[in-house]
Each structure stands twice: as C-alpha cells, then as structure tokens.
Student: 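Structure incoming, see below.
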Amino acid sequence: CNGEEAGVCKACTGLRLNHYWTSDGATDPRGCESYPCPQCPVGMYPHGCGNTTQGQCALCTNAPNVTPASHYYTSNGKADGGCALALCQVDCPLGQFRQGCGGNWHGSCVACKQAPIGRRHSGSGGLVDACPSVACPVCDAGFYRSGCMAGEDGICVPCTNWNQPGFYYSGHGGTSNACPYERCGRCKTGEYMKGCFGASLGKCVVCTNKPPDTYYVDAGGVLNMCSYRTCSVEEEECPTGQFRQGCGSLATPTSAGTCVPCNGPSPLFFFTSSGGTKAFGCQQQPCQPCKEGYFKNNCGGAEAGI
C-alpha cells in the first residue's frame with residue numbers, strides 16, 4: 001500500500017509455535033502481534049489454537065485407548081494435542097489394586113473384593129479388582145482356621161460349635177467355627193465309650209461301677225455308668241436249695257449266672273431257702289423226728305420228708 005495503490009491484505013508471517021495472532025500488522029508482514037495459546041489444566045490442550053483463533057481447552061488424546069487405563073497425564077498439552085504421560089503403577093500392597101488411574105489422576109490403592117470362602121489373597125490385583133488367591137491350609141478334625149486373610153495363613157483353633165456329651169467332631173471346620181459332628185458309637189452291654197470327645201471317637205472299655213452281687217444289663221454311653229441289676233432276686237431267684245453261680249463275675253460281668261445246688265445240707269438237715277449267690281447261702285433246718293414206730297423218709301436236700 002503506497003502511492004496511488006490501496007494494497008491488498010495478506011497473511012502475516014512468522015507466527016511462533018503455540019501462539020495466535022491478536023492484531024493486524026499494518027503494512028509490515030511481521031508486524032502482527034501474537035499471544036501464547038491458553039494454558040489448560042493437566043490432561044487438556046488448547047484445541048484449535050492458531051492463526052487468529054485462541055481455541056479452547058479439550059482433553060488430550062495421545063493416551064493408549066485401553067481398558068483399564070494404562071497411563072495417566074502428568075502435564076497439560078500444547079496445540080498439537082499431546083500431553084506428557086506416565087505409566088499407571090501396579091505397586092499396591094497384597095490384597096489391593098489401583099483404582100481410578102487414568103485421565104490426569106494416578107489413582108489410589110483400594111482393597112480387592114473378599115477372597116472366596118476358604119481362600120486368602122496371595123498378591124495384588126494390579127489395575128483391576130482381581131487379586132489372586134490361594135486355599136487356606138486345612139486343619140485337623142475338631143479345629144478350624146482362624147485369621148486366614150490377606151497374606152496370613154492364620155492358625156488352627158479348636159471348634160466350639162458343638163461340645164455336648166455323647167458327640168465328637170468328625171471333621172474340620174474350614175475357616176468357620178462349624179466343625180461337623182457325630183454321635184458317639186454305642187458299646188455292648190457292660191461297656192462304655194471312653195474318650196469320646198473333641199475329635200476322638202473313643203473306644204469301648206469295660207464298666208467298673210457295679211457293686212458286688214450285681215450284673216450289667218445295659219451299656220454306659222460315654223460314662224462309666226452301666227445299668228446293673230441285683231443277682232438272684234424276684235423272677236431270677238433260684239429254687240430252694242440252689243444258689244446263682246457266676247452272676248456278675250469278673251469273667252462274665254453281664255451274666256445273670258445259673259442256678260446250681262447249694263453245698264450241703266448237713267446230715268439230718270434239709271434246705272428251707274435259696275442261697276442267693278453263695279454256695280453255703282441256703283438256710284437249713286434239722287429233720288423233725290417221728291413218733292414211736294415211724295421213721296423220717298426222704299428228709300434232705302430241699303425236702304422235709306414224711
């Protein structure tokens with residue numbers, strides 16, 4: 001533009017990177033004033049900034065398009081749309097994973113969902129709620145594992161969910177105070193189940209609770225308390241002149257014995273009762289004399305004679 005020429009408008013030259021024109025240049029190709037593109041927040045860039053346009057902040061687009069996010073932005077971007085990136089860290093403690101990493105945030109470590117029953121976490125989940133797990137060690141019967149969580153195996157402690165007499169624990173409780181249990185076995189007459197408690201099923205041993213002259217008629221359960229009956233009473237009492245032999249002996253503590261003759265009687269005596277459990281237990285009386293001219297026939301044993 002000079003002399004008689006009005007001139008024509010042409011674009012200024014020399015615009016610096018990440019700037020835009022803010023004025024005309026009059027008649028100087030390099031006279032246009034420029035201004036830096038706006039400073040956007042971390043993770044954003046001045047979209048459309050250049051020439052005479054200031055542009056507006058938009059999200060950066062150079063992070064890998066994956067799920068979950070593998071990177072996060074650590075700076076704002078220039079007009080080319082690229083922000084500085086950092087890798088999402090997978091350094092959370094055992095039983096945790098990094099949640100929320102992406103955009104302009106590095107995320108934070110949070111707890112993974114609880115491991116399945118009977119298992120514990122054995123590592124971190126990285127960037128997803130998927131911590132690996134291993135099975136908790138199994139305890140012996142009558143015990144369950146307490147404290148098996150995170151990186152700890154815990155310890156075996158006794159079950160207490162059922163401790164009634166007459167039962168024993170037949171298995172372990174896993175990670176709960178819930179051991180399976182069963183009723184103690186039944187012994188034969190004259191025996192009881194000794195030591196059936198906790199995780200022991202016990203064993204049958206002979207009862208020793210009966211007094212003399214009795215015999216066992218039932219088992220004792222889990223206690224040394226077998227039911228017993230007195231020998232040679234009521235319908236089991238022997239006939240006159242007999243006693244019950246072998247009733248409740250050490251060799252046959254469950255036997256009612258058998259009736260056998262008492263020892264005796266003395267000469268000219270006869271039995272008047274049974275002998276209980278004693279060979280000399282039968283009571284006896286002398287044979288009664290007859291009047292002149294008669295004799296006592298068949299007096300002896302259990303007969304008074306005639």
Side-chain angles (χ1 to χ4, degrees), residues 1-135 148-152:
C1 178
N2 54 37
E4 297 177 354
E5 298 293 331
V8 293
C9 291
K10 292 185 177 182
C12 287
T13 58
L15 182 64
R16 289 181 292 172
L17 184 65
N18 295 313
H19 284 67
Y20 66 97
W21 300 120
T22 57
S23 72
D24 64 83
T27 59
D28 184 355
R30 293 183 174 274
C32 294
E33 294 182 359
S34 66
Y35 196 79
C37 293
Q39 293 292 313
C40 295
V42 173
M44 303 184 78
Y45 75 102
H47 177 66
C49 181
N51 199 9
T52 59
T53 302
Q54 176 181 352
Q56 58 183 0
C57 290
L59 295 175
C60 289
T61 58
N62 59 308
N65 184 20
V66 294
T67 302
S70 60
H71 294 73
Y72 66 98
Y73 295 117
T74 59
S75 72
N76 57 8
K78 303 301 182 181
D80 60 2
C83 294
L85 289 170
L87 191 66
C88 293
Q89 297 300 305
V90 290
D91 56 352
C92 291
L94 184 147
Q96 298 184 17
F97 74 102
R98 186 167 295 279
Q99 184 182 63
C101 183
N104 60 0
W105 191 42
H106 54 72
S108 62
C109 292
V110 297
C112 283
K113 63 178 178 292
Q114 188 173 356
I117 295 176
R119 303 180 68 85
R120 65 165 179 82
H121 290 137
S122 58
S124 63
L127 301 176
V128 293
D129 185 3
C131 291
S133 65
V134 295
C148 182
M149 61 183 66
E152 300 295 330

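Because only heavy atoms are used, hydrogens play no part in the values below, and waters and symmetry mates are left out as well, while side chains stay in.
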Student: side-chain contact (heavy atoms from CB on, under 4.5 Å) for Q96 and H121? Distances and angles first, verdict last.
Tutor: CA-CA 9 Å; Q96 298 184 17; H121 290 137; over 6 Å; no
Student: State the CZ-CD distance between R98 and Q89, to the nearest 0.5 angstrom.
Tutor: 6.5 Å
Student: Atom CD in Q114, atom CZ in R119: separation rounded to 0.5 Å?
Tutor: 13.5 Å
Student: Among residues two or more places apart or on two chains, list those pairs meeting ring pair (Phe, Tyr, Trp, His ring centres under 6.0 Å) that have a residue in residues 37-70.
Tutor: Y45-H47
Student: Work out which heavy atom in Y72 is nearest to a heavy atom in C101; give both atom names and the distance.
Tutor: CD2-SG, 3.7 Å
Student: Which donor-acceptor pairs under 3.5 Å do the side chains of residues 80-87 make with protein atoms, sequence neighbours left out?
Tutor:
unit_1	atom_1	unit_2	atom_2	d
D80	OD1	G82	N	3.1

Student: Which heavy-atom pair separates L15 from W21 by the least distance, and what is that distance?
Tutor: CB-CZ2, 3.3 Å
Student: Can you tell me how far apart CZ (R120) and SG (C131) are? Round to the nearest 0.5 Å.
Tutor: 12.0 Å
Student: In this structure, are over 12 heavy atoms from other groups packed under 6.0 Å from D91 atom CG?
Tutor: yes
Student: With side-chain contact (heavy atoms from CB on, under 4.5 Å) as the test, would you mind laying out the steps for D129 and C112 before giving the verdict?
Tutor: CA-CA 5 Å; D129 185 3; C112 283; 3.4 Å; yes
Student: What heavy-atom pair brings P36 and H19 nearest, and what distance separates the two atoms?
Tutor: N-CD2, 3.4 Å
Student: Quick one: does P38's side chain get under 4.5 Å of C49's, heavy atoms only?
Tutor: yes
Student: What pair of heavy atoms forms the shortest contact from C88 to G102, and how long is it?
Tutor: SG-N, 4.3 Å
Student: Between N76 (side chain only) and C40 (backbone N and O only), is there a donor and an acceptor less than 3.5 Å apart?
Tutor: yes
Student: Check for a donor-acceptor pair, side chain of Y35 on one end and backbone N or O of Q54 on the other, with a separation under 3.5 Å.
Tutor: no
Student: Just how far is it from atom NZ of K10 to atom SG of C12, taken to the nearest 0.5 Å?
Tutor: 12.0 Å
Student: Hey, what do you get for OG (S70) to CG (L127), rounding to the nearest 0.5 Å?
Tutor: 8.0 Å
Student: Would you compute the distance between atom OH of Y20 and atom OG1 of T53 and round it to the nearest 0.5 angstrom?
Tutor: 9.5 Å
Student: Taking N18 for the side chain and C37 for the main chain, is one N or O donor matched with an acceptor at less than 3.5 Å?
Tutor: no
